[in-house]
Amino acid sequence: MSAEPRIELHGSQCSCRGGAWVLLEATQKSPCGGGNGGEGAERLVLGLTEWRQLGKPGSLAVFQQAQSRAETGERRQFERFEVSLPVRISRIATWRDPSAQVEETLAEVIAAGGALVRSRMAIEKGEMIRFAVGAAYDTRAEVMYVSLGSGPGADGIQRLGLRFLDAPLPEALIPGDARPLA
């Protein structure tokens with residue numbers, strides 16, 4: 001492939017109701033028929049790198065929200081809270097590692113889109129794990145970073161920065177006494 005793939009984002013008036021299409025090589029536009037106005041429906045084409053930097057928006061509306069956050073210097077999509085919330089994380093079995101490793105631990109920071117959890121598992125950035133809060137919430141999560149907590153003033157505890165993949169954490173599961181973080 002010679003050119004970087006592009007992403008075409010559509011507005012809510014489009015017949016796809018605000019979708020995203022990957023455009024490869026010579027593909028000029030998506031096969032989507034457009035909205036009421038056909039060719040006049042809102043569309044935007046981004047390079048793959050820019051699309052990733054904005055958090056991989058799935059529609060034109062989500063792109064516009066991400067762009068306004070970026071322009072104001074705010075990079076976070078969800079409000080974060082300091083907590084001490086019991087959670088369960090578990091390794092998703094794969095052909096390379098079929099073990100069913102499960103750990104009951106604590107989330108120290110929680111948001112609708114992810115969490116910061118303590119962990120003793122040998123895990124790497126990019127791995128997929130399961131994240132659960134009791135029986136009320138269970139999702140796949142991507143390990144975005146692993147912090148080893150070393151250096152002056154650090155406690156030496158490994159922490160995992162997780163991004164929830166299947167569904168955002170319901171607001172009702174965030175404890176009422178959770179302290180908002182800036």
Side-chain angles (χ1 to χ4, degrees), residues 1-83 85 87 89 92 107 109-117 124-133 136-146 160-176 178-182:
M1 218 177 343
S2 58
E4 177 184 51
R6 296 161 294 136
I7 307 296
E8 184 176 285
L9 302 174
H10 293 207
S12 60
Q13 298 302 314
C14 184
S15 61
C16 68
R17 296 189 187 116
W21 298 85
V22 177
L23 306 178
L24 302 173
E25 292 185 5
T27 308
Q28 295 299 311
K29 65 178 201 164
S30 71
C32 178
N36 299 334
E39 290 298 317
E42 282 187 289
R43 299 166 190 242
L44 176 69
V45 177
L46 300 171
L48 190 61
T49 303
E50 181 182 9
W51 177 73
R52 284 180 175 155
Q53 289 172 343
L54 289 169
K56 301 179 182 177
S59 70
L60 189 57
V62 175
F63 164 78
Q64 290 165 339
Q65 292 169 356
Q67 189 177 36
S68 71
R69 278 194 313 273
E71 287 171 358
T72 61
E74 176 58 46
R75 64 184 186 93
R76 300 192 187 280
Q77 184 176 359
F78 303 106
E79 184 176 13
R80 300 175 308 142
F81 297 90
E82 184 177 353
V83 296
L85 182 66
V87 299
I89 58 174
I92 297 174
V109 176
I110 197 86
L116 178 67
V117 299
E124 296 179 13
K125 176 183 175 180
E127 284 190 57
M128 299 292 170
I129 63 172
R130 300 250 14 128
F131 175 92
V133 179
Y137 181 73
D138 188 340
T139 185
R140 290 177 307 133
E142 179 181 1
V143 178
M144 301 303 290
Y145 63 89
V146 178
L160 308 176
L162 304 176
R163 180 172 59 105
F164 302 148
L165 299 175
D166 298 325
L169 180 76
E171 192 174 310
L173 293 180
I174 297 174
R179 188 173 65 89
L181 293 173

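Keep in mind that the numbers below use all heavy atoms, side chains included, and drop hydrogens, waters and symmetry copies.
Applying the side chain to side chain contact (heavy atoms under 4.5 Å, CB included) test to E142 and every residue at least two apart in sequence or in another chain returns M128, M144, R163, L165. Under the side-chain hydrogen bond (donor to acceptor under 3.5 Å, both in side chains) criterion, E127 pairs with R91, sequence neighbours left out. Evaluation of the side chain to side chain contact (heavy atoms under 4.5 Å, CB included) rule for L48 yields E4, P5, I7, W51, R52 as partners, not counting sequence neighbours. For V87, the side chain to side chain contact (heavy atoms under 4.5 Å, CB included) partners at least two apart in sequence or on another chain are L85, T105, A107, V117, F131, V133. With sequence neighbours excluded, the residues that form a side chain to side chain contact (heavy atoms under 4.5 Å, CB included) with A132 are R88, D138.
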Acceptor/donor pairs from residues 169-176 side chains to any protein atom, 3.5 angstrom cut, sequence neighbours excluded:
none

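Nearest heavy atom pair, residue V146 against residue K125, reads CG2-N, 3.9 Å. Contact detail for A141 and F164: the closest heavy-atom pair is CB-CD2, 4.2 Å. V83 and A178 get closest at one heavy-atom pair: CG1-CB, 3.4 Å. The minimum heavy-atom distance between A167 and T139, with the atom names listed, is N-OG1, 3.7 Å.
Annotation: side chain of L162 is in contact with side chain of V143 (closest heavy-atom distance under 4.5 Å). Two residues are said to be in side-chain contact when any heavy atoms from C-beta on lie closer than 4.5 Å; E8 and H10 meet this criterion.
One finds the CD1 atom of I89 at 4.5 Å from the CD1 atom of I129 (value rounded to the nearest 0.5 Å).
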**OP:** Please test D166 against R130 for side-chain contact (heavy atoms from CB on, under 4.5 Å), starting from the C-alpha separation and ending with a verdict.
**Re:** CA-CA 10 Å; D166 298 325; R130 300 250 14 128; 4.2 Å; yes

